[in-house]
Amino acid sequence: MKVFKFGGATVKDAEGVKNMANILKDYTNEPPVIILSAMGKTTNTLEKLTQAYYYGRPELMDIFHKIRNEHLQVVEKLYKKESKDKESDLILIFNKLESIISDNGDGPPAKDILYDFVYDMIVPFGELLSTTLVSQYLNHTGIKNKWLDARNLIRADHTYREGKVLWDLSEEYISNAIPPILNNGEMVLTQGFIAGTVDGKSITLGREGSDYSAAIFSSILNARACYIWKDVPGLMNADPKIIPEAVLIDRISYGEAIELAYYGAKVIHYKTLKPLRNKRIPLFVKSFVHPEKKGTVIEEDYVEVPVTSYIIKNNQVLISISPKDYSFIGEDNLYNIFRILLQNHIKINLMQNSALSFSICLDNNDKIDKLLKELSSDFNVKFNKNLELITIRHFTEESINFVLKKRKTILEQRSRATIQMLVEN
Ligand code: ASP
Ligand code: MG
């Protein structure tokens with residue numbers, strides 16, 4: 001069997017949902033397991049909803065209604081006259097979400113309830129909504145499928161917003177629930193990005209984590225292949241929106257793809273490849289718009305001709321950390337810095353040190369303020385926002401000049417295969 005993952009961009013509107021059905025109708029003989037993300041930018045909007053709720057902001061209900069309207073409009077476009085009958089399942093889900101954020105009129109949650117916990121109560125609704133909507137539409141068009149709740153299939157620990165998968169338990173649930181449905185000739189449709197804890201709480205696996213979910217299902221079910229359907233032709237050597245000269249990579253090894261994903265190539269979530277590699281399951285990245293085209297296959301290591309690839313990450317922050325007592329950046333100070341980073345679930349994109357200062361480059365997100373505060377109690381901390389991190393795999397001097405365009409680097413690091421440069425945006 002195969003596992004298919006469809007990202008948010010592929011189902012951002014009614015046309016996208018129809019296109020998805022169009023692709024799936026060719027697979028009714030060999031029903032796949034389908035993993036779906038939230039529609040379009042819903043997850044971003046749900047993050048805003050979480051903040052508005054947690055901090056008691058006035059725009060709360062406007063955000064809620066925006067999400068509700070966007071989804072109901074898709075239903076209306078999909079079914080035209082019958083749409084009123086088809087809305088009811090979604091409305092039930094919206095009622096549940098509304099009852100969480102309205103908190104019986106008590107206002108925002110008490111401050112001893114962790115933000116990350118509240119986040120994981122609210123943000124999974126994006127995937128619950130998209131899968132409910134799409135499952136219903138597929139059944140309506142004759143593509144038989146069963147909707148399953150991924151929170152009953154993937155078990156994770158209590159690391160909110162970055163759940164660590166409990167593989168043994170997940171294996172038990174997934175291998176009991178899914179094969180009978182497939183054997184019965186039906187597809188399985190479930191959510192990416194979300195999981196459940198042993199005590200029945202919702203938990204997310206990290207932003208853009210649906211690819212990782214697809215890899216978990218593929219690995220546990222020993223899939224023949226995993227397919228990621230995207231709005232780009234496949235894995236490219238750069239983001240074509242930034243570098244128009246980007247070219248498609250037809251075939252690439254797991255090892256090289258892991259490097260690209262690690263440095264931030266957006267096409268695949270960085271946790272996806274390990275479970276696939278361990279079971280030697282090939283990963284196909286294919287165009288949702290041109291399903292007939294081959295796209296990219298990521299598979300077993302082989303001797304490959306290195307392709308120069310560019311990864312550009314915007315909105316970076318550079319933090320420089322120095323001990324207040326003028327002591328060296330040695331093992332003891334590093335130990336304390338890393339403890340704080342670990343506790344805040346921070347992923348470092350680049351690091352470098354001198355005698356008295358340790359510098360790290362990070363994505364600028366809602367974790368940074370808290371991190372800066374905690375670091376400042378033991379260290380002198382300086383930071384610089386709005387930076388761009390450029391990584392080139394298999395670089396040449398020409399490729400460096402091509403992306404730098406005469407800009408000066410603030411920080412630079414090179415190894416034989418990779419150069420990373422931080423520049424002002
Ligand atoms: N919907 C989630 C996100 O946008 C998961 C995903 O798209 O992979 O982060
Ligand atoms: Mg998404």
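One-based numbering, in listed order, for ligands and for the atoms of each. From a predicted model like this one, the values you see are computed outputs, not experimental measurements.
Contacts between Ser37 and ligand 1 below 4.0 angstrom, taking non-hydrogen atoms only, involve the side chain exclusively.
Looking at ligand 1, you'll find an N or O of Glu208 within less than 3.5 Å of one of its N or O atoms.
Remark: distances from the non-hydrogen atoms of Glu127 to ligand 1 include one below 4.0 Å. Ligand 1 is approached by Gly209 to a heavy-atom distance shorter than 4.0 Å.
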Verdict with supporting geometry, Asn22 and Lys25, side-chain hydrogen bond (donor to acceptor under 3.5 Å, both in side chains)
CA-CA 6 Å; Asn22 209 26; Lys25 73 173 182 342; 2.9 Å; yes

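In this structure, of Glu47, His269, Arg207, the residue bringing a heavy atom nearest to atom 3 (C) of ligand 1 is Arg207.
Partner of Lys5 under the side-chain contact (heavy atoms from CB on, under 4.5 Å) criterion, out of Ser37, Cys226, Ser213: Ser37 alone.
Applying the 4.0 Å criterion to heavy atoms of Phe193 picks out, from ligand 1, the atoms 2 (C), 5 (C).
A side chain to side chain donor-acceptor pair (under 3.5 Å) check over residues 174-194, counting only residues at least two apart or in different chains, returns the pairs Thr131-Gln191, Lys146-Glu186. Screening residues 248-270 for ring-ring contact (aromatic ring centres under 6.0 Å, His included) gives no qualifying pairs among residues at least two apart or on separate chains.
The shortest distance between side-chain heavy atoms of Asn145 and Pro31 does not fall below 4.5 Å.
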